[in-house]
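As structure tokens, the structure follows; a few thoughts come after it.
Below, all heavy atoms of this structure are taken into account, side chains as well, without hydrogens, waters or symmetry copies. The first residue of the sequence shown is numbered 1, and numbering continues consecutively from there.
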Amino acid sequence: MALGFSLGGFAAVRPRGEAARRPLITAAMLRGAASRIVPPLVVLGLFLLLWEVLCARPGAGLPSPSRVLAEAWPIIVDPFFDNGGTDKGLFWHIAASLQRVALGFALAAVAGILLGTLVGQSAWAMRGLDPIFQVLRTIPPLAWLPLSLAAFRDGQPSAIFVIFITSIWPIIINTAVGIRNIPQDYRNVAAVLRLNAFEFFAKVMLPSAAPYIFTGLRIGVGLSWLAIVAAEMLIGGVGIGFFIWDAWNSSHISEIIVALVYVGVIGFVLDRVVAGIGALVTRGTAAA
């Protein structure tokens, strides 16, 4: 026991270390969590209510939320079924799409960072390559698909190429901007220390440009997910894009709506994963 404070001439005592103990969950933490969670839940509830009111009437073009839940319940509760061919649950379609996105986006990230570094570091390369990049990046993703099918003669590499060519441009542009914004003091210190090209790239360029690079990666991964859904509608096979197109051909509108919810949620998760890695790598300098 230890003396704490004096009140009216009497010494009050308190257990040693009591001041150091703090509750794990405070009222302020609960209020902060509620302020972030309650507003989107309220908006979502109002949206579902309005949707139910507008689409529950006879002759409505779209099914109401209650009807979507009833009609698509089998694919919601059992996303892992596999009857062979393309008759698979949503899990397998999403997994196939994510595999294509992972490969195409990884290739785009490596190539985009290297090309962005070249363009940002070399004035000659910027004058020569930047106009070409600016023209190519305006081409819609699906416009590349016929060309890739002609070149690869297979749907799988064609889809990966569409992801690559769609997501590489924001990575190149943001990396180049980050490289051009490296403070001159950093370059001067590197010159004094006589860092070679590899050391300068690893120890100065990448750390300084990392916030810009991860901004490009976040944009790129979002574009990758958009591109693969569109490409799979045309190339067929297992994938979430094919699932949506097949559901449309079968007039299963409720299944399309469920698939779109999955697409949106996974796109959000991909963005948050890249943002979280960026915040970790850049120690908070890349906005999450």
Side-chain angles (χ1 to χ4, degrees), residues 86 88 90-119 129-130 132-178 206 209-210 212-246 259-260 262-278 281 286:
T86 59
K88 301 177 184 290
L90 275 172
F91 172 83
W92 304 110
H93 287 284
I94 292 172
S97 297
L98 286 175
Q99 289 176 1
R100 297 185 182 109
V101 168
L103 183 54
F105 179 69
L107 294 173
V110 173
I113 291 173
L114 292 178
L115 285 173
T117 301
L118 175 64
V119 172
L129 294 175
D130 186 66
I132 299 175
F133 292 161
Q134 296 299 335
V135 171
L136 292 179
R137 74 182 184 88
T138 62
I139 299 176
L142 290 185
W144 292 101
L145 188 57
L147 189 64
S148 63
L149 286 171
F152 297 109
R153 301 184 182 277
D154 187 71
Q156 180 79 356
S158 299
I160 293 172
F161 174 78
V162 170
I163 295 170
F164 171 84
I165 204 68
T166 301
S167 59
I168 193 173
W169 310 119
I171 301 173
I172 292 175
I173 294 170
N174 281 273
T175 301
V177 171
L206 285 184
Y212 296 89
I213 293 173
F214 275 96
T215 298
L217 291 174
R218 288 182 65 182
I219 299 172
V221 77
L223 292 177
S224 296
W225 190 236
L226 293 175
I228 190 56
V229 172
E232 287 174 345
M233 290 183 177
L234 299 180
I235 65 172
V238 178
I240 190 63
F242 169 78
F243 178 88
I244 292 172
W245 190 247
D246 185 60
L260 291 179
Y262 277 100
V263 168
V265 170
I266 292 173
F268 173 77
V269 171
L270 291 175
D271 176 80
R272 302 317 300 169
V273 168
V274 175
I277 296 173
V281 171

* Asked: Measuring from I219:CD1 to I171:CD1, what's the distance to the nearest 0.5 Å?
  -> 9.5 Å
* Find the distance between CD1 (I172) and CD (Q134) and round it off to the nearest 0.5 Å. => 10.0 Å
* Under the 3.5 angstrom rule, does the side chain of S158 hit a backbone N or O of S148 as a donor-acceptor pair? -> yes
* Looking only at atom types and distance, does a side-chain atom of W169 sit under 3.5 Å from a main-chain N or O of I165, one as donor and one as acceptor? -> yes
* Passing candidate, side chain to side chain contact (heavy atoms under 4.5 Å, CB included) with V273, options I277, D271, L270 -> I277
* To do: Begin with the C-alpha distance, continue with both residues' side-chain angles, and end with the deciding distance and a verdict on side-chain contact (heavy atoms from CB on, under 4.5 Å) for T86 and D246.
  => CA-CA 10 Å; T86 59; D246 185 60; 5.9 Å; no
* Find out whether I235 and Q156 are in side-chain contact, i.e. whether some heavy atom of one side chain is under 4.5 Å from a heavy atom of the other. => no
* **Rounded distance [0.5 Å steps], CG in L129 versus CG in L118** => 6.0 Å
* For side-chain contact (heavy atoms from CB on, under 4.5 Å), just list the numbers for I213 and L206, CA-CA rounded to whole Å, side-chain angles, deciding distance to a tenth of an Å, and then say yes or no. => CA-CA 8 Å; I213 293 173; L206 285 184; 3.9 Å; yes
* To do: Compare every heavy atom of S97 with every heavy atom of G239, then report the nearest pair and how far apart it is.
  => CA-OG, 3.5 Å
* Asked: Nearest 0.5 Å, what's the CD1-CD1 distance between I173 and I168?
  -> 10.5 Å
* Taking all heavy atoms of A259 and all of L90, pick out the closest pair and write down the distance. => CB-CD2, 4.4 Å
* From I163 CD1 over to R100 CZ, what is the distance, rounded to the nearest 0.5 angstrom? -> 8.0 Å
* Would you please test I240 and W225 for side-chain contact (heavy atoms from CB on, under 4.5 Å) and show each step? => CA-CA 10 Å; I240 190 63; W225 190 236; 4.3 Å; yes
* To do: Give a yes or no on this: more than 12 heavy atoms of other residues, nucleotides or ligands lie within 6.0 Å of atom CZ of F152.
  => yes
* Asked: Between F164 and A111, which heavy-atom pair has the shortest distance, and what is it?
  -> CE1-CB, 4.0 Å
* Backbone N/O of P170 and side chain of N174: donor-acceptor pair under 3.5 Å -> yes
* Tell me, yes or no, whether the heavy-atom count around W92 atom CH2, taken from other residues, nucleotides or ligands under 6.0 Å, exceeds 12. => no
* Grab the two heavy atoms, one from L149 and one from G155, that are nearest each other, plus how far apart they are. => CD2-CA, 4.2 Å
* Determine, stepwise, if the pair L217 / V221 fulfils side-chain contact (heavy atoms from CB on, under 4.5 Å). => CA-CA 6 Å; L217 291 174; V221 77; over 6 Å; no
* Asked: Taking the inter-plane angle between the rings of F161 and W144 on a 0 to 90° scale, is it parallel (under 30°), tilted (30 to 60°) or perpendicular (over 60°)?
  -> perpendicular
* To do: Measure the shortest side-chain to side-chain distance between E232 and H93 over non-hydrogen atoms and say whether it is less than 4.5 angstrom.
  => no
* Compare every heavy atom of F105 with every heavy atom of S224, then report the nearest pair and how far apart it is. => OG-CD1, 3.7 Å
* Minimum-distance pair of heavy atoms, taken over all atoms of T175 and I113 -> CG2-O, 3.6 Å
